[in-house]
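Below, each value reflects all heavy atoms present in this structure, side chains not excepted, and no hydrogens, waters or symmetry copies.
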Amino acid sequence: MEKLLNAIGINLSVNEDISLIVLPIVAIALIFIAFFRVKELKKIQDELNSAIVLVPLYKRRMALKIGVALLFLASVACVFLAIKFGYFIQFLCLVLSLLSVMMILLSMNRCKFAVLSSGALLPYRFVPWSDLHDYVIEGNSIIFTGDREGRYTLKSTTTKLSFNEVDLQKLEKVLAKNKRI
């Protein structure tokens, strides 16, 4: 196998040396990205503490939980592979990268959503009343959509959020009062 790889110009030692340089850089970059993203999510969630919650909103979190579980299993598998094959630096970098992404998913899983006195705390962003343009209520679910230009884009549309049925009239009243056309 090694002769075949050398015949087509692949030198294993060079590839291993490159991975010892590139993988730590990628791992450190992902750690910084995760740190700043978690910090940004915490800042958005602080809006919940500084405003009056009018109607709490809920989002399905199953995909986030499955993602965290899969990343954890992949991290455990990387530790076993590092012990078995001896590529400690490469697998350590991979484990750190996986844990960084897992921290982002865990912080996303802890986020709460609500219609506040100052705007709407939607999935992973705060939208003040001046930027809230349209919404659709179906049963005990709501979808916020529309941007400043009146367009319905993927960025301006949220996932389906649910709320308690007893809050329906209160939610309709608050949203109708603050909706921008």
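- Distance CD1/Ile21 to CD1/Ile89: 11.0 Å, rounded to 0.5 Å.
- No single ILVMFWY cluster, assembled from side-chain heavy atoms under 4.5 Å apart, contains both Leu121 and Tyr135.
- Leu92 contributes atom CG, which lies 10.0 Å from atom CD of Gln90 (distance to the nearest 0.5 angstrom).
- Using a 4.5 Å heavy-atom cutoff, the side chains of Val115 and Phe163 are not in contact.
- Within a 6.0 Å sphere centred on CZ of Arg61, heavy atoms belonging to other residues, nucleotides or ligands number more than 12.
- Note on Leu99 and Leu94: same hydrophobic cluster, where clusters join Ile, Leu, Val, Met, Phe, Trp and Tyr whose side-chain heavy atoms are under 4.5 Å apart, directly or indirectly.
- In this structure, Ile137 and Gly139 approach most closely via the heavy-atom pair CG2-O, 3.9 Å.
- Counting heavy atoms from C-beta on, the side chains of Phe144 and Leu57 come closer than 4.5 Å.
- A distance of 11.0 Å separates CZ in Arg60 from CG in Leu161, rounded to the nearest 0.5 Å.
- Here Ile104 contributes atom CD1 and Leu41 contributes atom CG; the two are 8.0 Å apart, rounded to the nearest 0.5 Å.
- Of the inter-residue distances, the one linking Glu165 atom CD with Leu171 atom CG reads 12.5 Å to the nearest 0.5 angstrom.
- Between Val68 and Met102, the shortest heavy-atom contact is O-SD, 3.6 Å.
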Can you give the donor-acceptor pairs under 3.5 Å from side chains of residues 71-85 to other protein atoms, not counting sequence neighbours?
residue, atom, partner, partner atom, Å
Ser75, OG, Leu71, O, 2.9

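- With hydrophobic clusters built from ILVMFWY side chains whose heavy atoms lie under 4.5 angstrom apart, Met108 does not share a cluster with Ile44.
- Listed by chain and number, the hydrophobic cluster partners of Ile66 are Met62, Leu70, where partners are ILVMFWY side chains within reach of under 4.5 Å, directly or through others.
- Here Asp167 contributes atom CG and Lys173 contributes atom NZ; the two are 13.5 Å apart, rounded to the nearest 0.5 Å.
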Sequence neighbours excluded and cut-off under 3.5 Å, please list the side-chain donor-acceptor pairs for residues 45-55, or say none.
residue, atom, partner, partner atom, Å
Gln45, OE1, Lys112, N, 2.9
Gln45, NE2, Lys112, O, 3.1
Glu47, OE2, Ser118, OG, 3.4
Ser50, OG, Glu47, O, 3.2

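- Closest approach of Met103 to Val38, counting heavy atoms only: O-CG2, 3.9 Å.
- Every pair tested for salt bridge (Lys or Arg N to Asp or Glu O under 4.0 Å) that includes a residue from residues 18-28 fails, sequence neighbours excluded, so the list is empty.
- Residue pairs meeting the ring pair (Phe, Tyr, Trp, His ring centres under 6.0 Å) criterion with at least one member in residues 89-119, sequence neighbours excluded, are Phe113-Tyr124.
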Distance-only donor-acceptor pairs under 3.5 Å for side chains of residues 22-37, two or more places apart:
residue, atom, partner, partner atom, Å
Arg37, NH1, Glu40, OE1, 3.4
Arg37, NH1, Glu40, OE2, 2.8

